[in-house]
Amino acid sequence: MIGFIIRRLASMVLVLFAVSVLVFAIFNIIPGGDPAVRMAGKNPTDVQIEAIRKEWGFDKPVTTQYAKMIEKTFDGQLISYSNRENVLERIKEGLPRTLSLTFWSSLFMLVGGIALGMLSALRPNSFADRTINAIAVVGISLPVFWIGGLMSYYLGSKAGIIPAGGYVSISEGGVLDWFWHLLAPSLAISFLFIGIYSRVLRGDLLDALRADYVRTAEAKGLSKRRVVVRHALRNALIPMITLWGLDVAITLGGGAVLTETVFDLDGVGAYLADSTRSLDVPPVMAITLLGAIAVVVMNAIIDILYAYLDPRIRL
Amino acid sequence: MAEATQPAGVPASGTPAPAATANVPDPVAAGLWRASWRAIKSSWAGRLSLLTLVLIVASSLAAPLWANHVADSGPLTNHLTDQIRLNGELTDVVSFEGIPIGPTGQKRFFLGADANGRDIMVRLLYGGRNSLQISLVATTITLLLGTLFGLIAGFFRGWVDSVISRGLDILQSTPIILLGIALGVATALGGINLGIVKIPGDSLFIPALIIGVIQTVYVARPLRGITLSLRERPFVEAARSQGATNMRIIRREILPNLGTSLLVLAPIIFAQTVSYEAALSFLGAGVQPPNPSWGTLISDGLDVLVSAPHLTIIPGAVLAAMVLSLNLLGDVVREAIDPRGMVAAAQKDEH
Amino acid sequence: MTAPTAPTPAGAPDAASDLLLDIDGLGVAFPSERGPIHAVRDVRLTLRRGEVLAVVGESGSGKSVTALTLLGLTRGRGTAITGKAEFDGIDLIGASDSQLRRIRGKRIAMVFQDPMSSLNPVLRIGHQIAEQIRAHEGVGKAEARKRTIDALTEVGIPRAAERVDAYPHEFSGGMRQRVMIAMALVCGPELLIADEPTTALDVTVQAQILDLILRLRDERGMSVMLVTHDLGVVAETADQVAVMYGGRIVEQAPCDELFADPRHPYSWGLIGSIPPLTGAKPEYLPTIAGTPPSPLALPAGCPFRARCPHEFEQCAEVPPLAETAGAPGHLDRCWLPIDEKRIRRAGADGRIGLLHDAEATTEESA
Amino acid sequence: MKYTRMTSAVAALSATAIFAAACGSDSDKSSDSGSGGAATAEAKSGGDFTGTYSSFPDYLDPALSYTAEGWTTLWPNYTGLLTFKHAEGAEGSELAPGLAEALPEISEDGLTYKLKLRSGLKYSDGSPVKASDFEHTIKRVLNLESGGSAFYLSIEGAEAYVKAGKADGDISGITADDATGDITIKLATKDGQFSFYLAMDFAGLVKGDTPFENATDKPAVGYGPYSITEVKPNRSVTMTKNPNFTPLPDVPEGKADSITINVVKNQRRQAQDVINDQVDFLIDPPTPDQIREVKAKAGDRYKEEITNSTYYYFLNLRTKPFDDERVRQAVGYAVDERALARIFGGLLAPSCNFLPPGMIGYEKVDPCPWGEPGTADVEKAKALIKEAGAEGTEVTVWGNDEDPSSPVTEYLADTLNSIGLKAKPRIVDGSVYFQTIGNQKTKAQTGFANWFQDFPSPANFMFLVDGASIQETNNQNFGNVDDKEINKLIADAKANPDINAVKGEWAKADKLLVDKAYVIPYGNRKLTKITSSRVNFDAFQFNPVYNHDLTTLGLK
């Protein structure tokens with residue numbers, strides 16, 4: 001276990017370093033992206049630009065700037081170039097939204113994926129299976145920003161069935177309203193993943209149902225339900241759960257950019273997208289690192305979960 | 001992005017490996033294409049999606065014909081103050097409040113106009129052209145680079161493999177849509193300048209290159225796994241014992257056997273590329289205005305969803321149809337030449 | 001050269017002569033794109049309490065399908081099961097799924113070939129056994145666990161109280177099969193179906209497992225249906241033997257009788273291919289020429305026809321499974337007259353039947 | 001204020017200065033527009049109001065805020081020594097004493113400004129307002145390298161203070177006496193516009209112990225009818241009536257008890273909410289495709305206001321083909337303001353002047369030399385291009401990705417193509433656009449530009465075309481307009497603190513600019529006022545400098 005933790009930490013450091021250098025490099029090559037000039041605002045004067053360069057360290061060598069930025073990221077002192085707000089504070093602001101979105105969407109993905117995958121696999125090549133397969137392919141093929149935009153308008157603004165967008169926290173509107181506002185965006189994200197998961201699960205479950213141990217379980221006189229759930233599904237779920245964990249991590253780390261944008265959720269993903277488009281490096285750096293950490297940690301959790309689900313695996 | 005970038009059934013990433021090692025499809029050097037073709041021809045889904053693909057590609061190719069001979073307007077031509085005769089009445093192409101005309105069903109402005117009074121039908125056709133061009137180039141880049149890295153990592157193993165695999169890990173730890181946005185925004189501003197090669201910022205090659213490179217991981221990983229087990233096969237051992245060089249083994253023994261995997265992956269990667277391009281362009285980091293692409297058309301359309309919903313619905317539907325057809329085609333081909341899902345297994349079994 | 005000695009079953013209970021399993025005219029056909037596959041046709045078998053019945057055949061002969069069908073494990077979409085299979089008077093073919101479920105594991109238990117893949121790799125073995133107990137008997141967790149440990153001890157697993165919480169991969173092959181047997185026997189079944197229980201194991205372990213099965217049979221008086229391709233195993237364990245080929249039973253006889261006087265050319269081939277236990281090893285073992293027929297393309301008439309060196313015109317018709325006069329309980333499915341068989345058999349392989357041949361002939365002439 | 005962006009941030013420092021123009025053509029469905037300052041029927045006091053912004057103010061710190069949202073929000077909470085009158089139209093552009101007793105006394109040489117702080121004033125936390133707080137206020141602007149620091153660098157010692165980089169340093173040009181309230185400001189260089197700077201938001205007084213850091217999360221204590229009582233950064237801000245506020249002659253008490261502003265990015269939803277009376281006011285206009293609906297459903301609480309802004313195409317005189325006057329004229333002929341107005345969804349008042357109509361010094365250029373607004377003469381333009389031998393010249397038309405810059409840029413590119421040039425648009429990100437085209441190395445030939453006023457003086461517009469303001473980098477004279485005659489007119493006029501005295505010079509410079517086709521102005525942005533039905537719509541003023549005057553928001 002200790003070896004596992006050390007390995008994971010080492011890989012996290014490596015990933016964080018690489019990702020941060022990548023981000024830093026990309027944004028440093030951009031022409032016309034002089035942050036000092038941007039911060040100087042609408043009427044820049046040389047005196048002021050110079051003062052900004054000095055105070056913010058833009059006159060230092062790139063390596064120093066990089067080191068400084070990483071240091072600030074980790075001690076929470078990172079400041080946005082476009083409006084000088086504390087990046088970490090702003091991320092903390094957006095995180096509940098992104099977390100909520102992640103929560104519901106990952107729930108939908110999981111439940112939807114398992115339900116459809118099981119329905120499909122239990123009656124292979126039946127009408128239900130074919131229908132589900134068709135739905136899955138369609139789900140995988142629908143652009144989320146498109147379906148999201150249409151949902152937001154037609155179900156939201158026009159029909160008034162769901163809120164057209166925005167976020168209501170539990171403390172503001174209670175659990176119901178909170179959920180209600182997240183329903184459409186969570187579903188919009190889930191379509192794709194339900195499509196993917198149901199197909200992955202279908203394949204694995206079919207394999208599992210053909211496995212010898214399932215035959216054993218049947219021969220033992222267990223109920224059909226127990227055979228499917230306890231024996232087949234338990235094994236077949238492992239690959240799907242792995243995928244799911246990683247996707248959750250990515251959504252958490254700002255991956256739901258399109259959905260957050262279309263549904264006006266203004267979480268971490270939308271913040272990242274805005275910052276990236278306006279070339280505001282500090283938030284991009286912080287959120288990318290956050291995302292990378294989420295992925296690495298989630299990967300570790302998946303591995304642990306994996307070892308739990310499949311005792312043959314050693315950490 | 002987590003969203004819209006996963007190929008059908010392709011796992012998000014380096015999953016902790018199920019214990020099994022990657023299986024390898026049987027080396028069937030010839031006949032892959034024929035088998036695929038037969039499968040496509042004989043299945044309902046295959047025929048339908050092929051027809052859709054052909055229709056979309058053909059209409060995109062025919063864009064200049066429609067522009068010059070039917071709509072009488074280029075994809076970038078503004079008609080802000082023009083009027084056309086609709087049901088015998090002169091009608092503004094763009095109203096005073098800036099609301100563009102809806103579908104006319106006539107030659108001109110068949111699908112209506114956008115906010116600049118440009119003919120949407122023409123832009124849709126040209127947009128398809130741009131999207132397809134980019135996706136085609138990007139897919140080619142992805143397959144080439146993916147094969148290269150997968151092959152090298154899987155064949156040479158050791159530190160080469162470690163370096164490449166860690167690199168792929170890192171690529172997968174970042175939501176790739178964000179990487180795409182960052183690169184897209186950065187390069188759109190200044191273009192790419194590599195000394196000898198200069199690509200202007202509005203070139204279609206830039207998004208193609210970005211998408212192509214970023215998606216490499218989805219090909220490199222499975223091919224690495226397959227190469228890893230191919231190199232242990234008897235025929236490779238045999239070649240080695242006869243003193244064949246690494247290059248020769250790769251060229252003669254390994255590469256031909258990657259054919260199945262590539263053919264299975266290609267449509268899925270293509271589908272993914274089309275979605276990815278659309279997403280990037282939607283966020284303004286792909287095709288640069290005023291050039292149309294399906295993504296920018298949807299983005300423009302959403303601004304006027306209330307008054308002109310077709311501007312969102314139509315490009316999105318074409319995009320979805322394209323991706324759907326590619327995914328279905330991918331399914332059909334996979335079932336035909338990789339019925340035991342070995343390529344998919346290799347995608348899952350990583351590390 | 002001597003044929004393997006066929007020991008008489010130690011202490012087979014004489015009293016238990018009542019019929020436990022009665023199969024008649026059993027047919028199983030699976031659907032496929034190219035029409036139904038008749039995996040099993042017209043199988044007739046009986047098994048008495050306390051008896052060991054061996055079903056022998058190559059893979060694809062229908063022996064496993066027959067066994068699985070008894071437990072309803074071949075039921076599925078499109079599978080056509082015909083004929084009769086009665087277990088202690090219960091119609092196994094017509095039984096509902098839930099009726100069958102109550103029999104499975106409780107009254108008829110099954111042990112499979114590969115103990116690695118047949119145990120669920122992600123569940124503790126104790127759990128896998130206990131859940132069977134709990135599925136059939138309304139006992140609590142603690143009670144189920146206690147009985148699980150007892151069952152494991154009984155099959156000879158050392159430190160069962162600890163090992164009960166281990167996972168399958170933590171056992172050796174032989175131990176895993178013991179676990180399987182413990183699982184099969186934990187509810188005290190009247191019939192144990194063992195499908196190639198020793199095939200995946202090495203020779204010494206094989207013997208231990210067979211001994212274990214026989215010992216338990218003796219202690220509990222249960223019946224065993226042993227499905228195998230290994231005549232060596234049969235010879236050591238079975239009371240009755242049925243030889244299957246191409247989905248049909250081609251010969252059926254008490255164990256001694258079969259080895260002493262095999263009637264069907266296929267049986268000759270099978271017996272001939274057993275390596276001799278004593279004497280010089282031959283340079284090569286005789287094998288049956290050709291390959292088993294695909295169930296999709298069975299020849300018309302006698303299924304063994306295509307590989308049989310003794311084929312003649314009448315083989316175009318399926319021979320009946322008939323008893324030869326004077327040998328009650330010994331049936332076979334071959335058109336050749338009995339005398340002709342004996343002559344040809346000696347010509348085919350001098351080893352077969354030599355030991356008892358004279359006796360048999362004497363008896364007959366007597 | 002500057003190239004603000006319409007969708008997100010904008011907005012609008014506008015001037016409805018001239019109501020006649022304001023309620024022109026299409027916007028007059030609204031009831032009798034509040035003419036001049038004398039608003040009809042005062043709003044009732046009381047009530048808690050909510051409003052919606054598309055984006056959160058850049059800063060809730062007067063030293064830093066440089067967007068319309070910020071100024072609109074901060075004005076009721078921070079008052080400077082000087083201020084602008086709480087009124088609409090021309091009157092709203094007039095300077096008035098705020099915390100100072102009177103307008104400044106300016107010395108003969110124009111370098112010394114003397115003011116006296118009113119006595120007995122208390123900040124919102126009850127502590128006394130001190131004269132030295134003024135120096136602290138200016139120091140914060142400079143030390144935080146605010147976008148507004150350019151305005152105060154002319155104060156003696158200001159540059160040295162910035163360069164030293166020490167917050168507690170001294171600005172030698174400012175002396176304040178807390179006992180008497182006397183404040184003296186010495187300038188290093190003469191600047192006729194300095195009084196305006198004192199009325200700008202940046203100089204809104206904050207308490208002397210306000211730290212030298214962005215105070216958005218914890219707004220500084222100031223003096224005004226309201227004080228900010230709750231901030232959820234990027235989400236909402238609430239201001240409530242300031243109990244320690246004493247009305248000043250030109251700073252009346254606010255009407256509402258409290259005003260809460262929420263950020264809703266979806267503009268379509270914003271308009272829906274206000275139509276349905278769920279929200280009391282908006283500052284951003286509805287989306288073009290909603291305007292028809294808004295007019296139909298809430299015509300009596302919707303009004304379009306022309307802002308003091310100008311939208312134009314710059315033509316770089318240092319690059320081909322725009323060094324040729326005929327080519328520039330051709331562009332003037334070819335550009336159709338009617339087409340552009342449609343791109344703006346109707347929220348553009350076409351004009352060919354560079355100065356906005358609400359500005360002192362505006363005189364309509366009549367007739368427009370290159371065709372009246374709403375006409376285009378492509379044939380003539382083609383002929384001119386031919387004559388200049390510029391056919392087929394490659395032109396890159398620059399624009400940014402903010403609406404409406406992008407379509408406006410694409411329109412120009414298409415137009416240039418239609419008259420014989422070979423143009424293609426180049427759209428770059430809004431955040432780096434102006435520094436990109438403001439770099440001489442870019443050699444931006446032509447493109448999109450706009451300007452929203454910082455303070456109501458033509459000087460704030462004409463520096464964009466002043467030869468003296470050309471720079472290598474961060475150039476704001478994108479077209480490098482450098483005309484001796486215009487330069488002189490600007491130099492003379494801006495040195496004079498009395499705008500009214502130099503009206504003629506400004507008008508002349510404006511006309512020259514247009515006649516020589518140095519820039520192609522095409523109109524002024526219109527903004528909108530929309531309220532819920534319980535708001536006294538006419539009493540809710542639209543100030544030319546600060547836009548929606550939240551102190552006038554009240555019940556019917």
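So that the names make sense, note that chain A is the first sequence line, chain B the second, and so on, each numbered from 1.
- Contact count versus chain A (heavy atoms, under 4.5 Å) is highest, among Ser299(B), Ala320(B), Pro315(B), Ser325(B), for Ala320(B).
- Under the 4.5 Å side-chain criterion, counting only non-hydrogen atoms from C-beta, Val144(A) is not in contact with Phe282(B).
- Between Tyr153(A) and Pro309(B) there is no side-chain heavy-atom pair separated by less than 4.5 Å.
- With a 4.5 angstrom heavy-atom cutoff, Phe191(A) does not touch chain B via any of its atoms.
- Here side chain to side chain donor-acceptor pair (under 3.5 Å) pairs that include residues 142-152 of chain A, with residues two or more places apart or in two chains, number zero.
- Neither the backbone nor the side chain of Leu326(B) comes within contact range of chain A; no heavy atoms are under 4.5 Å apart.
- With values rounded to the nearest 0.5 angstrom, Phe145(A) atom CZ is found 9.0 Å from Leu302(B) atom CG.
- Proximity to chain B (any heavy atom under 4.5 Å) is restricted, for Val262(A), to the side chain, taken from C-beta onward.
- Of the two parts of Ala317(B), the backbone and the side chain both hold a non-hydrogen atom closer than 4.5 Å to a non-hydrogen atom of chain A.
- To the nearest 0.5 angstrom, Thr261(A) atom OG1 is 6.0 Å from Leu283(B) atom CG.
- At a 4.5 Å heavy-atom cutoff, the contact between Ala278(B) and chain A is made by backbone and side-chain atoms alike.
- The two atoms that bring Leu324(B) and Ser141(A) nearest to each other are CA-OG, 3.2 Å, heavy atoms only.
- For the atom pair Asp331(B) CG and Ile140(A) CD1, the distance stands at 8.0 Å (nearest 0.5 Å).
- Contacts of Thr102(A) classified as side chain to side chain contact (heavy atoms under 4.5 Å, CB included), with partners at least two apart in sequence or in another chain: Thr98(A), Ser106(A), Val248(A), Thr251(A), Leu252(A).
- Asn327(B) CG to Arg199(A) CZ: the interatomic distance, rounded to the nearest 0.5 Å, is 7.0 Å.
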